[in-house]
Amino acid sequence: MEERRRIEEELKRSEERYRSIIETDPECVLILAPDGKLLEMNPAGLAMIEADSFEQVAGRPVYPLIAPQHRDAFRELVERVCSGDTGVLEFEMIGLKGTLRWLEIHAVPLRDGGERITGLLAVTRDITDRKRTEKELSQEKAFTDAVINSLPGIFYVYEEGQRLIKWNRTLETRTGYSPDELLNKHALDWFAEEERERIATEINNVMGKGESTVEANLVLKDGARVPYVLTGTRLRSEGRNYLIGIGIETTKLRQVEEELRKAEQEWSNTFDSISDFVSVHDREFRIVKANKALVDFLGIALEELIGRRCYEVFHGTDRPLLNCPYIESMRLKKTVTAEVEYTKLGIPLLVTSSPLFNGDGDLIGDVHFAKDVSGIKAAEEQIRRKSEELSVLNQITRRSQEFLRIDEFIETALEAVSSFLGPDITMFYLFENDKLHLKGHRPEEEVSVVEEKELGVCLCGIAAMEKEPVYSTDIHRDARCTLGECKRAGVSSFAAISLRRGDELLGLIGLAWKEKRSFDEGEKGFFETLGAGLSLALHNSKLYEEVRQHAGALEIKVEERTEELQKIINLMAGREVRMEELKEVIRQLREQIETAGFTPVADDPLREG
């Protein structure tokens with residue numbers, strides 16, 4: 001029976017740990033029945049669907065929350081997973097309060113102790129931002145294509161073999177060629193025989209010198225010759241050279257020049273719209289170009305920034321840092337990414353240095369991308385802190401549950417909390433006879449602690465009365481701190497964590513620090529979880545003590561009834577007593593023993609065979 005109780009308690013603790021992890025998971029964790037009804041969902045999921053409580057959605061089908069255009073796909077996913085498969089689906093969801101979100105669900109079958117599938121277990125994350133980014137990227141591509149197609153002249157891109165690989169619609173409409181006819185069309189095929197040698201020379205100039213401009217007659221599909229000013233610029237990408245250019249009819253040159261000016265402004269606007277810090281440096285680390293985001297971040301006028309060395313601007317030094325990504329990219333002649341501290345403001349930047357080469361393959365500078373990753377670093381630190389807190393909670397709870405006697409539990413809890421959390425003073429109170437009674441504190445010496453506290457008096461009494469944690473960053477300025485024991489001990493900050501089971505107050509643990517603490521939301525959540533774990537262990541200890549006391553009382557009662565029976569037997573000696581009377585006495589005694597929860601260990605000697 002003790003083994004069974006131990007196993008049940010272990011299972012209960014395991015379930016509590018599992019539920020604690022699920023309840024604090026920032027992503028939605030849910031369980032669906034095969035018919036799509038919601039069986040379980042953690043707080044993150046309830047917030048995602050805009051439910052005020054789980055009761056509001058418990059047992060209800062989730063399909064009404066799915067956007068109509070995705071419901072069939074979601075039903076198919078549920079059916080497939082409940083048939084033993086796994087599945088991933090992106091879909092739109094409409095919250096109970098009308099908010100539209102994009103979600104990504106990863107679902108696996110949920111089985112019972114055997115192989116029978118009872119539903120599906122899924123983790124769902126909000127991908128609304130990612131979808132928005134994808135849409136923005138798609139719109140940006142569409143914008144780029146629109147810009148190219150809106151150019152007033154023809155636009156073309158040739159690969160090194162002088163084969164056409166990209167163009168705008170104007171080239172199709174103006175020349176009369178179809179896309180299939182244009183693809184891979186040789187650059188010289190546009191010109192009459194007498195002009196090809198001159199054009200070939202200009203193409204070589206583009207690939208060698210980087211750019212060129214030429215006037216020539218373009219031969220259209222119908223044989224007509226149209227005068228054009230043709231530009232060519234070499235573009236190097238992924239180790240290959242390309243010729244990119246536009247052609248403008250000379251009769252509309254002025255109009256085209258204005259359009260080019262607008263196109264250049266649009267490119268400048270695009271460059272300045274990049275939220276990361278972008279700059280272009282020469283080989284001497286001088287800044288030759290910077291976008292608006294970088295100028296605003298540095299608080300320096302663009303005219304003053306151009307020509308200054310990057311290490312002077314970013315780090316306030318007279319030479320590059322030893323771990324400078326630009327130095328490494330120059331050495332390797334490839335893109336290098338590294339995290340660099342922005343010395344002046346203490347901000348971590350994720351820097352990417354991409355080398356720039358001239359037509360001869362010589363390094364001439366780099367494109368410098370810098371992204372502020374302080375938010376990411378803060379998130380990583382929060383994750384690390386949460387991991388440490390979970391580890392501490394696990395160790396404190398595990399050690400506190402090793403003992404069932406209340407006095408042993410209190411001693412263990414005090415030692416564990418003092419050891420792992422490091423408060424200057426730790427106090428443990430039990431709630432008895434409508435008061436808080438001190439049962440132990442750490443350190444045991446040199447601390448004067450009030451033995452009894454009334455509900456509603458001082459921080460501990462307030463926490464006990466409200467059955468909620470109470471925090472004070474500075475008890476010397478906190479009017480709620482009235483007893484003065486902690487102030488005399490030099491304490492600055494205090495946390496009173498009530499221990500309760502439902503609405504039943506069990507006790508309280510007080511934590512005091514001489515240094516000030518801020519008690520942010522993350523720390524408060526940690527202490528509340530700690531209180532829940534200690535409450536469960538304390539409740540178990542109290543139940544154990546009640547069982548022990550009840551068992552002792554029953555033993556005394558059995559002894560008393562045994563003495564009464566012996567007296568009856570002694571009185572019966574030498575007398576003739578009716579057997580029915582003796583049977584009735586024994587029957588009543590057996591009923592009393594069985595009612596007390598015990599089973600007689602001997603057979604009834606008067607029972608008829």
Side-chain angles (χ1 to χ4, degrees), residues 24 345-346 374-375 378-379 381-382 384-386 388-390 392-393 396 410 413-500 503 505-535 538:
T24 57
L345 295 181
S374 56
E381 174 61 22
Q382 186 176 12
R384 184 196 63 77
R385 175 180 169 184
K386 289 296 182 182
E388 291 181 354
E389 289 178 352
L390 286 174
V392 169
L393 282 173
I396 292 176
I410 292 174
L414 282 170
E415 290 296 333
V417 171
S418 299
S419 173
F420 291 113
L421 300 185
D424 294 294
I425 302 175
T426 307
M427 297 168 281
F428 200 108
Y429 292 88
L430 286 182
F431 181 64
E432 299 171 339
N433 300 322
D434 296 328
K435 292 182 179 181
L436 291 174
H437 295 266
L438 182 68
K439 297 299 180 181
H441 59 82
R442 292 291 184 278
E444 295 181 338
E445 65 282 348
E446 300 179 3
V447 177
S448 177
V449 182
V450 177
E451 297 289 333
E452 290 186 359
K453 291 186 177 179
E454 301 284 346
L455 294 186
V457 177
C458 206
L459 299 175
C460 292
I462 294 173
M465 180 178 68
E466 297 179 354
K467 299 177 183 177
E468 293 292 341
V470 171
Y471 304 96
S472 179
T473 300
D474 186 355
I475 64 173
H476 297 277
R477 297 177 178 271
D478 195 331
R480 298 175 298 175
C481 183
T482 57
L483 293 181
E485 54 181 341
C486 294
K487 296 177 181 178
R488 289 190 294 272
V491 169
S492 293
S493 299
F494 194 88
I497 314 300
S498 58
L499 306 179
R500 58 187 178 86
D503 292 333
L505 179 64
L506 305 177
L508 180 137
I509 187 165
L511 307 174
W513 291 269
K514 292 182 179 180
E515 293 185 358
K516 287 187 178 181
R517 300 176 70 93
S518 61
F519 296 117
D520 57 29
E521 292 303 316
E523 192 170 21
K524 290 180 180 179
F526 168 77
F527 285 131
E528 290 170 14
T529 304
L530 171 64
L534 293 178
S535 296
L538 177 58

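In this chain, numbering begins with 1 at the start of the sequence shown.
Here the shortest heavy-atom pairing between Ala496 and Leu508 reads CB-CD1, 4.2 Å. Across all their heavy atoms, Pro423 and Val417 have their closest contact at CD-O, 3.7 Å. Leu499 and Leu505 get closest at one heavy-atom pair: O-CD1, 3.6 Å.
Leu534 is not listed as a side-chain neighbour of Ile497, based on a closest heavy-atom distance of 4.5 Å or more. Using a 4.5 Å heavy-atom threshold, the side chains of Lys453 and Leu483 count as touching. Using a 4.5 Å cut-off on side-chain heavy atoms (C-beta onward), Leu421 and Thr426 make no contact. Contact check for Glu452 versus Glu432: no side-chain heavy atoms found under the 4.5 Å cut-off. Val450 has its side chain out of reach of Leu436: every pair of non-hydrogen atoms, C-beta onward, lies at least 4.5 Å apart. Using a 4.5 Å heavy-atom cutoff, the side chains of Tyr429 and Val449 are in contact. Looking at heavy atoms from C-beta onward, Cys481 lies in side-chain contact with Cys458 at the 4.5 angstrom threshold.
Judged by distance alone, with hydrogens and angles left aside, the side-chain atoms of Arg500 form a donor-acceptor pair with the main-chain N or O of Lys467 at under 3.5 Å. No side-chain donor-acceptor contact under 3.5 Å links Ser498 to the backbone of Ala464.
Under the side chain to side chain contact (heavy atoms under 4.5 Å, CB included) criterion, Cys486 pairs with Met427, Ile475, Val491, Phe494, not counting sequence neighbours. In this structure, Glu528 has no salt bridge (Lys or Arg N to Asp or Glu O under 4.0 Å) partners at least two apart in sequence or on a different chain. For the side-chain hydrogen bond (donor to acceptor under 3.5 Å, both in side chains) test, residues two or more places apart in sequence or in another chain that qualify with Arg517 are Glu523. For Glu454, the side-chain hydrogen bond (donor to acceptor under 3.5 Å, both in side chains) partners at least two apart in sequence or on another chain are Lys435.
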Take Leu455 and Asp434 through the side chain to side chain contact (heavy atoms under 4.5 Å, CB included) test and state the conclusion after the steps. CA-CA 8 Å; Leu455 294 186; Asp434 296 328; 5.6 Å; no
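Contacts classified as ring pair (Phe, Tyr, Trp, His ring centres under 6.0 Å) and involving residues 457-477 (residues at least two apart or in different chains) are given here: Tyr471-Phe519. Residue pairs satisfying the salt bridge (Lys or Arg N to Asp or Glu O under 4.0 Å) criterion with at least one member in residues 505-516, sequence neighbours excluded, are listed as follows: Asp474-Lys516.
To the nearest 0.5 Å, atom CD1 of residue Ile410 and atom NE2 of residue His441 are 12.5 Å apart. Between the OG atom in Ser419 and the CG atom in Leu414 there is a gap of 12.0 Å [rounded to 0.5 Å].
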